[in-house]
Structure formats: structure tokens, C-alpha cells
Amino acid sequence: MVNKEMRVAEVIVDVPTHDTDRPFDYLIPAELQEEIHIGSRVQVPFGHRKVIGYCIGFKTTSSSIRLKSIYDVMDLVPPLTPELVELGKVMADEYLCPTITALQSMVPAVFKGSYQKVIHPSSEMSENIFSLLNPAEQQLFKILAARGEYTWEEACKIPNMTRRLLRKLVAEKRIFVTERIEDRITKQKVTWVWGKDIHKLKAALSSLSARAIRQKEVLQYFIDHPDEIELPKLLARLQTTRSTVKKLVEQGWLYWEEREQYRDPYKNRQFEQTTPLPLTPEQQQALAGISKPIIEEKFHTILLHGVTGSGKTEVYLQTIEEVLRQGREAIVLVPEISLTPQMVQRFKGRFGERVAVLHSRLSNGERYDEWRKIRRGEVQVAIGARSAIFAPFQHIGLIIIDEEHETSYKQEENPKYHARDIALWRAQAHHATLVLGSATPAVESYYHARTGEYEWIQLKERVHGRPFPQVQVVDMREELRLGNRSMFSGALTGSLIECMKRGEQAVLFLNRRGFATFVMCRECGETITCPHCDISLTYHQTNQTVRCHYCGYAEGLPQICPHCQSKHIRHFGTGTQRVEAELKRQFPGIQVIRMDVDTTSRKGAHEKLLSQFREGKAQVLLGTQMIAKGLDFPKVTLVGVIAADTMLHLPDFRAAERTFQLLMQVGGRAGRHEQPGKVVIQTYSPEHYSIRLAASYQTETFYHQECLIRKRHSYPPFCRLFTILLSYPDRLGLMKYGQEIVQFIRNHAPTNCQLLGPVPPTIPRLKDRYRLQVLIKFQADPIVTARLKQTLHKLRNLFDDKELRISMSREMVDLISDRKVLMREQSEEIEILSKH
DNA sequence: AGCACGCCGACT
DNA sequence: GTCGGCGTGCTC
């Protein structure tokens, strides 16, 4: 089809499967010509349906014979920028997901409209058609005509009748795309107050009686601050009430009016203006180092490797100022867990209205508001968790990923992207600077820094020159030998008592993973497992139940063993609840705040518990991962790690890295202020290098060691990984498929790929489906990668069994030129390995 | 993924 | 004949 005047849009439709994952061509009606852009969200006819799609390009010809027209353009401003559309294509390719899935992950949920179908009487109905209906059909049609319509849900209950009405053309189906409008109503009413005439205000001040203290305060405020202000803010700042202001307005001294404005999750909160802090020489150097590529507007990646307490945040803030001076924008990624009010406070305090905050606690509507501020260019800084990396800025100068090693930067659902990779791509597209900040970088990032792929800037000193806490590693096997069967070693008990005596606080850290309390029969040794997943059920003391942490299955705590009927059944393991009970037993009168899934599931409970601890309402804070991160408590002088090696033995090649990072982070919690701190690490494998080196702060040595091991066993960054996860309702069938898949990959994939598996994953059965996993290690070579992806694509259509689910993901992708990495490895110029 | 079409067996 | 179940293939 060729037509000179014709304008055709390429549309990715909202049908997330692989066989519809390509652009479909549509004609653009004349009246939409001006409205449609790349990135526009449109409604299009698709098959016998109407669906939402995204316009990703234009052409003047199409190879399709029959072109349909776009129904409508849904938004005035396209939700996606051309850059993000491009990124969507790359993501689909990299992460093996449908393009629409990639695109939808970039925009707030409000854009993911839903579809509503209704059955209507046909618009052109004539009597003779009606006479063709049989009595039952006539009866139904009369009901339909009387009601005007019936919904699709109702239609599904009588599918054949409906089908007959549709086929005999007496009824028709209409599809509505329902926008989530309720979330998008962004305006709310807020009262603004002002009183600009200072002379008048002064006159008012003297005319008031001496007793009207509150009113005078308000007037004085406006004399000092002539700008208008929202009423809630004013009330918060002056600690007064609405009635005080109302009196002044009624007397004609002040004015107020209701205005519509964005919802603001931080309304009624005032942020204390903060000014740049003086930097240490080291910080200054870091600032200069990061500013250089920003000023030159060159793509550049920097690993900011700074010990805990070295003041990375202040460096971030001042580099952002540089970017803003240039008229460009900055994205700051922070792990969800550290997106605390203090953190937000710091950014809002420095950049005020120029910041948008995106975190998971926002409602859909609030999230949309923040997003829209970014899209419209009303803010220049976006701070948020993982998905904030898609902030639709158009002149990005800087992307910062704080705590870059954090696992929360990897999305577990499709598209299984890593924010670090997206950041690299976007920084490249914008000629921006990417800063990866961490005290304990990912091994991959460290490697790239040491080999010169990233610039490496170190901050080795703590800001106030405070010493690192002294670390004591306790061998728990030795404790056992000495007859100490409690979960607290002598050293930890002693330190705890001392700490209490001095009136200071302690943090006790327990790694939840692999440490949940399970229920076991002491007679036959069987554990209680989930009937749907091959996982031990976890004992919950609060309501005397056992629960599956994966599928949510729950039952009452059994009194007799289901296997041997023995009564000798009890719970084992060391959950936080047990530690708490044990603490209270050993230290009578001790006040403990426990933080785990049970105590923090309620909204805001997390923050509440932490502030209680900060206020000194308890001597001990006991918790899991969540307390290890970025929290700063002045009075904490002791940190105890109950069992450092619980994650060490997980079947994960990053287990050692995780353990090391965790211990370093935990150590950073102690003694950040005046009092010197102490860390006690209890472990059953004190000789392990990750524990040993963390305890002695030998960061360098650890990374060298870890790189050596990764190199020897061929793990990232020395190869790339694909994981394939199969799931199927029956075990034997799954094993058969597993074998066939491995065989298929062996036959088709490039020869230098290494296949591991199929092996049962950590969770061998989940929600009544058995699981198998295949790991593919492959070379960082674009040809190999492309060939492998092709093979995996074919794999999708290999089996004709709906029950077989295949999910694939890439472990550690980095979009740095694969070829460069390959060449470097071949020439064996690995400085870091030759050194050790 | 939906949705329609079409083939085939069961029933008025 | 008509009804309803299910497999197959397409969507610009």
C-alpha cells in the first residue's frame, strides 16, 4: 500500500505475548495528525477488540494490505519520550520480555487502563431480523432492549445465547477503555494566605490588643515573610490554629482564598532549608571529580567508593547543584528501605520545590502527580526507588545510584531489569554522568572500577574522623564446646551488660533467611512442610500458627506429629521472636523493640518503631536485614550479629559477597557519634574469608579474593548468565521437559556456552508446581549473546503444553560494549588478578 | 491474551 | 436439525 499523503503510525499493542510483540501499522485520521507523537498512548482496533497501544514511530507506507485507523489519542502530553520508547525496545531485547511490558513499566499505573465490554442492542435493528430469532432468543433480546445493555460478566454466564444474538446481528459488543480517572484527579483545594502591604500590617500590629498574642505573631510573620503561603504550612510553622488567621482575615488585615493545587504527600510538612555543608578535602576532591564530566557533558561512570559515614550524601547534594546550575536534571536512586523521611528531608531541604519523590508508599494518584511534575519539567530532581530510573526527564545531566550493590535495584517480575543497567543506558543517551555510590560495591562494579571501565573515586575517611568500631568474631562452635548452649556467646552477653550499664543502646541483628522458625518432630525427625510448596512452614508465636512464607498457606500449630503421631513436637530455629524471648529471659527487665515481618507489616509501623528506639524507649533494637541499612542512632554503641553465616551457605554465587556487604553495613551502625562502638559477630565459620576480611575492614583484599574465585569458577563479571526457570504440575513430566530443553540448547546454542542443570532451585515446589532451573554461562560477546537469545526465543514455541511455564532472565547484564570486555579478558590484562 | 470460527458429538 | 464443547489461528 503506497500513498503519498498517507501517514501511518507504528503501534505496540497492549497484548503482552511474544507473537504480538511487534509494531502494528495504523492509519492516522486527519483530526489526530497534530495530536499524535512518538510515545503517545492510543486506542486502536485490534482483531475483534479495542486495545490500548503506544505509538513508537511513523511511516508513509505500509506493507499491510488492510490498514485500520487509530480510534483516539489518549493524552495531551505523550506519557513516553522518544528516548524512553527507544529504551523500551532495548529492554524487550535484553530481558526477553514483550515490548509493551517494558513500556508499561516506565509509566505510572494510572496509564494502564482497563477494558470494559458491554452488549448493546444493535443500532440498526429491523423487525424482520427479529422474527428470525427463536423464542428463547426473543426473550433475551427483550430483556436486553429493556435494560439497554448488559455487561460482559453477565454475557459470560450465557455465552452461547450471547453469541447467537451477536451472530444474528441483533446485538453488538462495545468495548470501553476505562481510564483510572479517579487517581488522576490531581487537584485539591488549599487555602492560601497573604498580606503584602507591610505598612498596613504594622498598623494592624499596633491596633491589636496586647492580649492577642497569637494574632500578633501571625502579623509579625507576614512582616518578615511577605510571600503568600498555604494555610496548613503557616499553621504548622507558627503552631497556631485556623481561627487566629480567620480573625485577621475578617478584620481585613490578611487575605485568603481557596486554590486548586497538586496533591502533595509532603504537605503540612515544612522542610528546613539546608545549606551546603563544608566539605573535607577528600569530599572536595570527589565533588571535583564528579563535576568534571558533568561540566564537559560527557558520558562517564564513576564508582564512588566511600566508607560508611564518609559523607557521600553531601557530595551528591553538591554535585546535583552543579547539574542544576547547568540547567540539566538529576535522578537519584535510593533503596526503598533508605527512602526514609530523613533522606527526603535532606533533599527537599536543599532543593525544595525542585524535587519529586517517588516511593512505594505513594498512592497511585500521588505517584502520578509526582511523575507529572517530572514530565512537565516542573522539577529538576527526582529521588526514588528502582522505578524512578524511568523518570521522564529530557536533559539528564546526572544519575546517582546510592548503595548501588543493593539487591532491590533488580526487579523480580517482568521485565526483570536491573536499575544499574537502565541507568547506564540512559546516561549514555543523555551524555550524562552516572555515579554509583557504595561502601561495599557489587563485585562487578568494583571490577569495572579497577579495570578502568568506571572512574574510581574513594572516600576513605569518616567525616568527623571517628574511628571504626572494634570488631570481635566469636566462634560459636567453641562456645558450644565450653558448654554455652544459649544463642548468645559469652562475649556478646558481656558486652550487652556493659552497654546497658552505661545507659547506651544496642542493635542485634538476625538474618531471617534460612533462619525462620520451623516445626520438627523430635521422635521421627520430620518437619512440617507446606502441602503446596516443598518448604518448611514457619512458626508464628503471635497466633499459634504455622505459615508458608511463599504461598501464604496457614494452619494451626499441630499438637501431634502428622507422620508418627508423636506428641514430642516443637519449634526450632532462631526467629526474631525466639531471640526476643531469650533476651528477656537472660536479661530480666530489658526493653526490646523487635522489627520483623510481623511487627512492621502495618503501614508506618516501620518508622514508628525506629523513632521509638531513637527516643530511647528501648535498650535493644532487634531485627532483620531492614535494620542494617543507613540508619543512624547516636546512642548505639554495640552491634551484635547473632549468626553471621546463615546466608553464607545459600546456593548462590553471590553468597560470600552478600555476607561481606552485610557485615560491613552492620558494623557501620555502631559508634557513629561520640561513643566508641563495638561489634560482636557470632559465627560457626570464623575462618571464612568474607567474615574474616569484613571483621578486619580489609575491603581491598576481599574484593581481590572474590574476583579470583569468580574468575576461577567463571561467574560474573567474567561471564554472563541466563537463568531458565521451568515449572510444571507433575514432577516426572517436568524432568522430561527439562532434559529436552537442555538438549535443545546444547544443539542450538553457541558451543562455548556452559550449561548447568537442570537442577531443582532453592524452592523446588511452589504453589503446587514443581520447578527446575537451568543456568547458562556465556561469553560477553555480542555474536554469542545474539545467537543465544535467538535459541531461547525458539525455545518458547518448542513445546505445546500450556501447563509448562518457562521464564527466563538475565543475571547481571551490563550494557557496556560486550566486545570491549571480551578483548580485555582475552588479553589477560587483569591488573587485579596479577597483583594477588 | 482474547476472541471468533469451525468441526464434531449429543440432544430435542 | 440445533446446541454447546473445544481446538486452531489471527490480530495492522
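Each chain gets a letter, A, B and so on, in the order the sequences are listed, and its residues count up from 1. Quick caveat, the model's predicted, so the values are computed rather than measured.
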Margin query: Is the ring pair A:F46/A:F24 parallel, tilted or perpendicular, if the boundaries are 30 and 60 degrees?
Written below: perpendicular
Item checked: Lys NZ or Arg CZ of A:K117 over A:F176 ring: under 6.0 Å, within 45° -> no
Check: Can you tell if the side chain of A:Y715 reaches within under 4.5 Å of the side chain of A:R720, non-hydrogen atoms only?
Finding: no
Checklist line | Pi-cation contact, A:Y115 with A:R49 (under 6.0 Å, within 45°) | finding: no
Donor-acceptor list for residues 741-750 of chain A side chains, cut-off 3.5 Å, not counting sequence neighbours:
residue	atom	partner	partner atom	Å
A:N747	ND2	A:Q743	O	3.4
A:H748	ND1	A:F744	O	2.9

Note to self: Listing request: all salt bridge (charged side-chain N to carboxylate O under 4.0 Å, His left out) pairs with a residue in residues 22-38 of chain A, at least two apart in sequence or in separate chains.
What the structure shows: A:D25-A:K59
Item checked: Boundaries of the chain A footprint along DNA chain B (any atom under 4.0 Å from a heavy atom) -> B:dA1 to B:dA4
Checklist line | Matching residue for A:L358 among A:I331, A:L333, A:I374, A:I389 - test: side chain to side chain contact (heavy atoms under 4.5 Å, CB included) | finding: A:I374
Notebook entry, point to check: Does anything in residues 16-25 of chain A reach DNA chain C, meaning a heavy atom under 4.0 Å, and if so which residues?
Noted result: A:D19, A:T20, A:R22, A:F24, A:D25
With 3.5 Å as the limit, what N/O pairs link the protein to nucleotides 3-7 of chain C?
residue	atom	partner	partner atom	Å
C:dC3	OP1	A:N134	ND2	3.3
C:dG4	OP2	A:R164	NH1	3.2

Margin query: I'd like to check A:V110 versus A:W371 (side-chain heavy atoms, cut-off strictly below 4.5 Å). Are they in contact?
Written below: no
Note to self: Quick check on contacts: within residues 45-57 of chain A, what sits under 4.0 Å from DNA chain C by heavy-atom distance?
What the structure shows: A:P45, A:F46, A:G47
Item checked: Whether A:Y737 and A:Y728 hold their rings parallel, tilted or perpendicular, with breakpoints at 30° and 60° -> perpendicular
Item checked: Min side-chain heavy-atom separation A:L734-A:L726 under 4.5 Å -> yes
Check: Quick one: do A:R367 and A:E370 make a salt bridge, cutoff under 4.0 Å?
Finding: no
Notebook entry, point to check: Less than 6.0 Å separating the ring centroids of A:W425 and A:Y417?
Noted result: no
Next item on the list: For A:K59, answer base if it contacts any base atom (sugar-phosphate contacts may also be present), sugar-phosphate if it contacts only those atoms, and nothing otherwise; contact means non-hydrogen atoms under 4.0 Å.
Entry: nothing
